[in-house]
**Student:** 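Take this structure, written in C-alpha cells, and hold onto it; I'll ask about it next.
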Amino acid sequence: EYPGRLVLADLPVGAGVEELVAGLGCGESQWAVRDGVVRVPRLVRAGVAAGEAPGFGAGPVLVTGASGVLGGVVARHLVSAHGVRELVLVSRRGPAADGMDVLCDELAAQGATVEVLACDVADRVALAQVLDGRELTAVIHAAGVLDDGVLESLDASRFERVLRPKVDAAWNLHELTRDLELSAFVVFSSAAGVFGNAGQANYAAANVFLDALAQARRAEGLPGLSLAWGLWAGASAMTSGLGESDRRRIARLGAEALSEAEGLELLDRAVAGDQDSLLVPVRLNLPALRSRSEGVPAVLRALVPVRARRHTAAGAAAGSGGGLAERLAAMSDGRRAAYLLDLVRTEVAGTLGHRSAAAVEPERAFKDLGFDSLTAVELRNRLHTATGLKLPATVVFDHPTPADLARQLRTQIPNLPAAGPEGLLGELDRIEQMLTDVDPTDEESADIQRRLAALLARFDKAANPVETERVADKIDAATDDEIFAFIDTELG
C-alpha cells in the first residue's frame with residue numbers, strides 16, 4: 001500500500017554499516033545479506049513432475065476447515081483419487097455446517113469412514129481432545145477467514161480474527177502432532193503473503209507465518225509444506241465477497257483463477273515432489289504482467305524479465321514531480337490543466353479496468369465511479385508512478401472528482417514557472433523583441449532567418465499536410481509562365 005516506504009533488511013549477527021549500505025544499494029524492499037552477498041527474493045518455476053502418487057499414509061487424515069468449499073473439495077479428492085479410507089473432518093460448526101451431511105454421504109458411498117467434529121483448532125485444549133488416541137498419518141490445514149481493509153482500518157480485533165485460524169491453529173497442530181509419524185503436514189497458505197496484496201495486511205501476515213512454520217518443521221526433520229495458493233475459480237465463503245472490480249484488480253495484477261481440476265493436480269504434484277517447504281500454486285498471465293504500467297513486481301522478475309529502464313527526471317526526483325514539472329513548464333495554464341486532467345482520467349481508467357479515459361467523467365465523484373479504499377490506494381500508487389509525487393492514500397476522498405484531483409496535482413508540483421496568459425505566444429513575443437536588436441546585415445542574421453523559415457515550414461507542413469501536398473502538386477504541374485506570375489503576385 002506504500003511502495004518504497006519500507007525496507008526489510010535481513011542481516012547476519014555482527015553486521016555493520018557496510019552490509020547495510022550494500023543491501024540498500026539494490027533498491028528493493030526486501031533483501032538479505034549472506035556470506036557478504038546481497039540476496040533478493042524471486043519466484044522461479046518449480047520442477048515438480050506429474051504422475052507421482054502423493055503419500056498421505058494408510059491411516060486417518062485430518063482436514064481442518066472441512067466445512068469450507070476448498071476443504072470439501074480436498075476431502076473428496078483424498079478419497080476418490082488417493083484411496084484414503086479414514087478422514088477426520090474438523091471445523092468450527094462440525095456436523096451443523098451447511099452441506100456437511102451431503103459431503104459425508106458422498107464419502108461414505110465411496111467406502112470412506114468419516115468423523116466430523118466441531119472444534120476450534122485455535123483452542124489448544126479442544127484440539128488436544130480431538131487428537132487424543134488418534135494415530136494420524138497426515139494433516140491438511142485448510143482453515144482461514146478474510147477481513148480485508150487498508151492498513152489504517154485494521155485494528156487489533158481485525159488482526160486477531162484473521163491470525164487466529166491460521167497462526168494459532170497451525171501452531172497447535174504443529175506441537176500436538178510433533179510425535180506422530182506423519183507422512184505429510186500441509187498448510188494452505190496464500191499468494192497474498194508472497195506478493196503483499198494491498199488491503200490484506202492481516203491475511204498476508206497470517207499466511208507468511210504458515211510459510212515460515214513449514215520451513216521450521218523441515219529444519220527439525222519433520223514433514224512440512226506450505227502451499228501459497230492463488231485464486232480458485234469456484235466460489236467459497238472466502239471469495240464470495242469478491243465483486244467484479246475486485247476480480248478485475250486481481251486480473252490486472254497478472255493472476256488468473258485456477259479451475260478445481262488444476263488446483264487438485266497442483267496439490268498432488270506439490271505433495272509428491274517433497275522438495276520444498278514453500279510452493280506457490282498460481283496461474284500467472286505473463287503478458288499482462290509485462291504490460292503493467294506500474295512495472296513488474298520485484299519478486300516476479302525472474303519469470304518476467306524486464307528491460308532496464310532509462311534514468312528519468314521523474315525517477316531521479318521521486319516525490320518532487322521533477323519530470324512532470326519539466327513537461328508542464330512550456331505549457332499555458334489552460335494546456336497544463338488539460339494535460340493533468342487527461343493524466344488523472346487515464347490512470348482512473350486503468351485502475352477501474354476501462355479501455356480509455358473517455359469512460360471517466362471529469363466531474364463525476366470517485367465513489368460513483370466505483371472506487372473503494374483499495375482502488376483508491378491503487379490509483380494513488382499509479383499516480384505516484386506517473387508523476388513522482390508522494391500522495392496520501394486518502395487523496396481520492398479528499399478531492400472527490402477527477403477534475404478536483406487534477407487541480408490538486410497542479411498545486412503539488414514545486415518550482416513550476418508561472419505560465420503567461422498566451423503560453424507559447426508569449427514566448428514568441430519575447431523572441432520578437434530580441435530580434436529587434438539584431439542587425440539584419442550581420443552574418444548571424446542570415447542564419448536566424450534560415451532557422452525561422454525552416455521552423456515555420458515544418459510547423460506549417462505538420463498543421464496542413466494535405467494542403468502542403470496539394471501546393472507541391474500544383475507547382476510540379478505549373479508552367480514557367482504560371483510560376484513567374486505567382487512570384488510577381490506574391491512577392492511584388
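As the structure is a prediction and not an experimental result, all values here were calculated from the model. Nothing fancy with the numbering, it's 1 onward along the sequence.
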**Student:** Name all residues meeting the side chain to side chain contact (heavy atoms under 4.5 Å, CB included) criterion together with D98; count only those two or more places apart in sequence or in a different chain, and write none if there are none.
**Tutor:**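 Testing D98 for side chain to side chain contact (heavy atoms under 4.5 Å, CB included), a comparison that skips the adjacent residues, returns R93.
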
**Student:** Can you give me the closest heavy-atom contact between S277 and R218, atom names plus distance?
**Tutor:**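 Of all heavy-atom pairs spanning S277 and R218, the closest is CB-CG, 3.8 Å.
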
**Student:** Tell me, please, whether Y2 has R380 positioned over its six-membered ring: NZ or CZ under 6.0 Å from the ring centre and within 45 degrees of its axis?
**Tutor:**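 Checked: cation-pi criterion met.
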
**Student:** Quick one: list whatever passes side chain to side chain donor-acceptor pair (under 3.5 Å) with N202, sequence neighbours left out.
**Tutor:**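 In terms of side chain to side chain donor-acceptor pair (under 3.5 Å), with neighbours along the sequence ignored, N202 is linked to no residue.
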
**Student:** Please report the shortest heavy-atom distance between R327 and A386, naming the atom on each side.
**Tutor:**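 Here R327 and A386 meet closest at NH2-O, 3.8 Å.
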
**Student:** Kindly write out the residues that satisfy side chain to side chain contact (heavy atoms under 4.5 Å, CB included) with T401, not counting sequence neighbours, or none if the list is empty.
**Tutor:**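 T401 satisfies side chain to side chain contact (heavy atoms under 4.5 Å, CB included) with E363, A403, D404 only.
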
**Student:** Quick check against the 3.5 Å criterion: does R336 have a side-chain atom that pairs as donor or acceptor with the backbone of A329?
**Tutor:**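 Yes, the answer is positive, given that a donor and an acceptor are paired below the 3.5 Å cut-off.
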
**Student:** Apply salt bridge (charged side-chain N to carboxylate O under 4.0 Å, His left out) to R124 and list each qualifying residue two or more places apart in sequence or on a separate chain.
**Tutor:**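 For R124 the salt bridge (charged side-chain N to carboxylate O under 4.0 Å, His left out) partners, ignoring immediate neighbours, are E175.
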
**Student:** Taking side chain to side chain donor-acceptor pair (under 3.5 Å) as the definition, give me every residue that meets it alongside S80, ordered by chain and number, with sequence neighbours left out.
**Tutor:**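 For S80 there are no side chain to side chain donor-acceptor pair (under 3.5 Å) partners, ignoring immediate neighbours.
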
**Student:** If the condition is side chain to side chain contact (heavy atoms under 4.5 Å, CB included), which residues does A15 pass it with, not counting sequence neighbours?
**Tutor:**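 Once residues adjacent in sequence are excluded, the partners of A15 under the side chain to side chain contact (heavy atoms under 4.5 Å, CB included) criterion are L11, P12, E19.
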
**Student:** Restricting to salt bridge (charged side-chain N to carboxylate O under 4.0 Å, His left out), what partner residues turn up for E181, sequence neighbours left out?
**Tutor:**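 Salt bridge (charged side-chain N to carboxylate O under 4.0 Å, His left out) list for E181, sorted by chain: empty.
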
**Student:** Looking at S183 and P223, what are the two nearest heavy atoms and their distance?
**Tutor:**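 Residues S183 and P223, closest heavy atoms: O-CB, 4.2 Å.
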
**Student:** Once salt bridge (charged side-chain N to carboxylate O under 4.0 Å, His left out) is applied, do any residues pair with R158, and if so which ones, sequence neighbours excluded?
**Tutor:**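 Checked R158 against salt bridge (charged side-chain N to carboxylate O under 4.0 Å, His left out); matches are D147.
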
**Student:** Restricting to pairs with a member in residues 1-12, which pass salt bridge (Lys or Arg N to Asp or Glu O under 4.0 Å), not counting sequence neighbours?
**Tutor:**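 Non-adjacent pairs meeting salt bridge (Lys or Arg N to Asp or Glu O under 4.0 Å): D10-R34.
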
**Student:** Within this structure, what is the CG-CG distance for the pair L405 and L383, rounded to the nearest 0.5 Å?
**Tutor:**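 Answer rounded to 0.5 Å: 6.0 Å.
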
**Student:** Going by the rule side chain to side chain donor-acceptor pair (under 3.5 Å), which residues pair with R217 if we only count those two or more places apart in sequence or in a different chain?
**Tutor:**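 Only H174 meet the side chain to side chain donor-acceptor pair (under 3.5 Å) criterion with R217.
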
**Student:** Do any pairs count as a ring-ring contact (aromatic ring centres under 6.0 Å, His included) and have a residue in residues 210-230, sequence neighbours left out, and if so which ones?
**Tutor:**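 Residue pairs passing ring-ring contact (aromatic ring centres under 6.0 Å, His included), neighbours aside: F188-W229, W229-W232.
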
**Student:** Rounded to the nearest 0.5 Å, how far does CG of L340 lie from CZ of R407?
**Tutor:**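 Here the interatomic distance stands at 11.5 Å.
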
**Student:** Which residues pass the side chain to side chain contact (heavy atoms under 4.5 Å, CB included) test with E18, not counting sequence neighbours?
**Tutor:**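 Per chain and number, E18 pairs via side chain to side chain contact (heavy atoms under 4.5 Å, CB included) with no residue.
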
